[in-house]
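All remarks here apply to the structure that follows.
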There are 2 protein chains.
Amino acid sequence: MSNLKLLARSLGLSITTVSRALDGYSDVAPATRERVQAAAQAMNYRPNPAARSLRRRRAEAVAVTLPTEPGRFGPPIFLNMLAACGQRLAEDGLDLMLLPTAGRAGEMDTYRRLLDGRRADAVIVVRTRLDDERVGFLKERGIPFVTHGRTARSEEHAFIDGDGEAGFRDAARQLAASGHQRIAHIAAPQDLTFAHLRRKGWLAALDEAGSPDRLEYTAQPTEAGGYEATQWLLRQDTPPTALLCATDSMAIGALSALKERGFTAGREIAVIGHDNLPSAAFTDPPLSSMEIAAPDVGRQLAEMLIARLGGRDGRELQTILPVRQVPRATHGPAN
Amino acid sequence: MSNLKLLARSLGLSITTVSRALDGYSDVAPATRERVQAAAQAMNYRPNPAARSLRRRRAEAVAVTLPTEPGRFGPPIFLNMLAACGQRLAEDGLDLMLLPTAGRAGEMDTYRRLLDGRRADAVIVVRTRLDDERVGFLKERGIPFVTHGRTARSEEHAFIDGDGEAGFRDAARQLAASGHQRIAHIAAPQDLTFAHLRRKGWLAALDEAGSPDRLEYTAQPTEAGGYEATQWLLRQDTPPTALLCATDSMAIGALSALKERGFTAGREIAVIGHDNLPSAAFTDPPLSSMEIAAPDVGRQLAEMLIARLGGRDGRELQTILPVRQVPRATHGPAN
DNA sequence: TTGACTTCCCAAAACGTTTTGGAGATCTAA
DNA sequence: TTAGATCTCCAAAACGTTTTGGGAAGTCAA
């Protein structure tokens with residue numbers, strides 16, 4: 001609506017001075033600065049973002065890519081995390097763009113378009129895989145980025161992640177301590193980093209306990225996946241006494257399969273999930289779970305991004321958040 | 001990376017001609033156009049979006065505002081809808097921006113900043129309320145917008161919505177037809193349009209059935225809300241025989257409360273929700289629900305937005321999508 | 001009084017596109 | 001042959017900012 005030229009004219013000043021007054025440069029007299037600020041306020045002036053980006057040669061925006069295809073996207077709280085992240089970014093004048101991609105194939109295309117066109121100054125990478133080509137691409141191009149979840153090359157870049165490995169180790173330890181002999185793992189596809197780490201934690205606890213069994217089944221991280229996995233596990237010669245599920249969604253599927261076979265979770269068979277979904281407290285029986293012990297992952301993510309844009313080295317920006325157990329009714333005793 | 005000036009120089013043409021060749025103007029010779037296109041391809045040219053917006057005086061972006069506060073945001077599939085929407089927008093070169101707002105108070109502020117700064121050409125309004133100040137504001141400013149969910153002023157603007165009223169009327173009818181006498185409604189806050197319409201459908205069916213009872217309880221659209229509502233309803237002198245819940249999340253809470261009191265949903269008491277959440281098929285018993293009978297709400301939303309940006313009148317862009325019942329185990333008979 | 005320093009301000013040049021208003025050829029019709 | 005049409009192309013002016021490189025007063029020290 002109103003621009004610098006209008007503002008300057010109405011004040012009898014030059015565009016330069018108005019611009020510098022608003023940007024807080026020191027070479028403008030205090031009285032002038034106040035006059036300018038008042039006028040800007042009165043005329044409801046906001047710098048035109050396109051002009052500013054053009055001149056500054058940055059987009060003042062951060063992009064997050066979302067796969068559209070596989071039906072469901074991550075845990076339901078994910079959108080809240082993005083919103084919190086966006087809010088923090090907005091405090092620094094950065095927009096958050098949603099870049100949907102058509103499946104994994106289209107992902108790299110989307111990245112190329114994004115970066116060739118300079119539509120974003122930095123990128124948030126979600127749903128990280130252990131071997132994630134996106135990381136290589138972004139490093140090569142020199143675009144700042146933060147991953148939500150680690151990768152095999154984590155030591156080289158900024159990331160934020162929950163300590164799923166410790167969480168699953170602790171949970172499996174507790175199950176073992178309470179007498180469980182056959183603690184099965186319902187795994188998510190192992191190319192996903194979070195799935196790999198959670199399985200690793202489970203394995204570590206089994207090693208500690210000297211347990212020889214390695215009962216596991218990998219499925220999609222959905223209710224249907226957990227259901228399918230549980231059915232398979234129950235069909236084995238020596239079925240498990242505990243199910244450690246990669247996600248709550250899978251655990252909910254597991255509960256359903258158990259019920260169908262006449263088992264009561266938390267009595268005959270223990271079940272523990274991860275994410276502490278809102279609905280976890282309302283399953284039957286209420287689902288024992290675990291969650292990242294931080295209320296503001298989104299905000300932290302944003303702050304890492306801002307630090308990265310400010311030139312901080314990605315290797316200094318690596319956060320692993322503790323995971324807290326949320327015991328409810330389904331982790332019940334074996335003996 | 002590369003720009004029009006470079007391209008033009010390498011081709012021995014003027015910037016004007018290169019620009020017009022790529023934009024498909026008719027006043028450029030076919031041979032020249034091909035030469036230009038080939039060079040653009042080879043040099044990996046993409047128009048600088050900031051420069052383009054500056055000159056064209058539009059942002060080439062669409063914004064959606066998200067409240068960050070109240071913990072959970074809408075049904076989990078919401079993010080998928082946004083992703084689908086963003087994908088369709090991208091086909092027309094439009095970016096999708098996420099604009100988080102700090103609670104309802106900050107919402108109008110965010111809108112003002114957004115529009116004063118011309119950061120977006122159009123807006124998606126979600127979580128519509130019956131009396132929604134955002135609609136008035138956007139109409140006044142003349143910014144194209146589409147609401148996801150109706151408002152009290154729906155006839156004046158573009159919207160897309162499911163026919164929750166018919167869905168709840170049908171569900172309540174079926175319950176009545178199978179002998180239920182006291183069909184209670186677990187309502188979401190009535191300022192939200194979807195909640196109002198679903199309640200209206202329930203009321204209509206009760207009227208048809210000549211049922212005098214109006215047993216209802218309003219709570220937050222979460223599992224906890226449904227739980228609380230059910231507890232209250234069961235404490236009444238003549239408890240309901242059926243619970244029609246505004247959302248599946250509430251229905252899941254209801255199932256939990258019923259179980260706690262020793263009831264089996266689908267036998268003593270029927271329960272029906274709305275949204276057909278992925279987990280609805282895995283509750284115990286599996287939850288009867290309903291859902292919008294369209295796979296591509298997000299894409300349709302995007303297309304309405306594009307039509308709106310193309311100058312189409314909002315009154316011609318109003319879609320009410322049918323709602324389909326998804327019967328499972330909990331809508332069981334009364335008699 | 002002079003020279004050096006401050007303090008406060010500004011003109012003009014970018015940034016990379018789109019669009020306006022032609023201009024020079026070439027062709028067509030009389 | 002000439003007047004118009006038709007094809008191709010282009011120079012230059014925006015769009016609204018930020019930033020560079022001063023410049024004109026005023027101040028201070030000698």
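All heavy atoms count here, side chains included; hydrogens, waters and symmetry mates do not. In the text below, chain A, chain B and the rest are named by the order of the sequence lines, each starting its count at 1.
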Quickly work out the Leu7(A) CG to dG16(D) C1' distance and round it to whole Å. 12 Å
Produce the list of close N/O pairs, under 3.5 Å, pairing protein atoms with atoms of nucleotides 25-27 of chain C; give distances to one decimal.
none

When the distance from CD of Glu60(A) to C1' of dG16(D) is rounded to whole Å, what number comes out? 14 Å
Mark yes when over 12 heavy atoms from residues, nucleotides or ligands other than Arg315(B) sit less than 6.0 Å from its CZ; otherwise mark no. no
Got Leu301(A) and Met81(A) here, is their nearest side-chain heavy-atom distance under 4.5 Å? yes
Which parts of residues 20-39 of chain A get close to DNA chain D, meaning a heavy atom less than 4.0 angstrom away? Arg20(A), Asp23(A), Tyr25(A)
In degrees, rounded to 10°, what is the bend between the two ends of the helix from dT1(C)-dA30(D) to dA30(C)-dT1(D), using five pairs at each? 50°
Is there a side-chain contact between Val297(B) and Ile292(B) in this structure, where contact means two heavy atoms from C-beta onward sitting under 4.5 Å apart? yes
Determine, stepwise, if the pair Thr16(B) / Ser19(B) fulfils side-chain hydrogen bond (donor to acceptor under 3.5 Å, both in side chains). CA-CA 5 Å; Thr16(B) 308; Ser19(B) 174; over 6 Å; no
Between dT18(D) and Ser19(A), is there an OP1 or OP2 to side-chain N/O distance shorter than 4.0 Å? yes
Would you say CD of Glu316(B) has more than 12 non-hydrogen atoms from neighbouring residues, nucleotides or ligands within 6.0 angstrom? yes
Rounded to whole Å, how long is the line connecting atom CZ of Arg56(A) with atom P of dT20(D)? 12 Å
For side chain to side chain contact (heavy atoms under 4.5 Å, CB included), just list the numbers for Tyr45(B) and Leu22(B), CA-CA rounded to whole Å, side-chain angles, deciding distance to a tenth of an Å, and then say yes or no. CA-CA 10 Å; Tyr45(B) 167 76; Leu22(B) 293 173; 3.8 Å; yes
Taking only N/O atoms, report every protein-nucleotides 11-13 of chain D pair under 3.5 Å with atom names and distance.
unit_1, atom_1, unit_2, atom_2, d
dA11(D), N7, Thr16(B), OG1, 3.2
dA11(D), N6, Thr16(B), OG1, 2.8
dA12(D), N6, Thr16(B), OG1, 3.3

Tell me: CG of Asn3(A) to P of dG16(D), nearest whole Å? 5 Å
May I have the distance from Tyr45(B) (atom OH) to dT17(C) (atom P), rounded to whole angstrom? 4 Å
Does dG16(C) have its OP1 or OP2 closer than 4.0 Å to a side-chain nitrogen or oxygen of Arg57(A)? yes
Between Phe159(A) and His148(A), is the ring centroid distance below 6.0 Å? no
How many Å lie between CZ on Arg52(A) and P on dG16(C), as a whole number? 18 Å
Identify which one of Val123(B), Val62(B), Leu305(B) satisfies the side chain to side chain contact (heavy atoms under 4.5 Å, CB included) criterion when paired with Phe145(B). Val123(B)
Using a 4.5 Å cut-off on heavy atoms from C-beta on, say whether the side chain of Asp191(B) contacts that of Leu130(B). no
Between P on dT17(C) and CZ on Arg58(B), what's the gap in Å once rounded to a whole number? 16 Å
For Asp121(A), give me all partners under side-chain hydrogen bond (donor to acceptor under 3.5 Å, both in side chains), at least two apart in sequence or on another chain. none
Nucleotide dT17(D), atom C1' - distance to CG of Leu54(A) in whole Å: 8 Å
Exceeds 12 heavy-atom contacts within 6.0 angstrom, atom CG of Asp92(B): yes
Does NZ or CZ of Arg112(B) come closer than 6.0 Å to the centre of the six-membered ring of Phe137(B), within 45° of the ring's axis? yes
Between Gly12(B) and Ala51(A), name the one whose nearest nucleotide on DNA chain D is closer to the 5' end. Gly12(B)
Classify every nucleotide of nucleotides 23-28 of chain D by which part a protein heavy atom approaches to under 4.0 Å, writing B for the base, S for the sugar-phosphate alone and - for neither, in 5'-to-3' order. ------
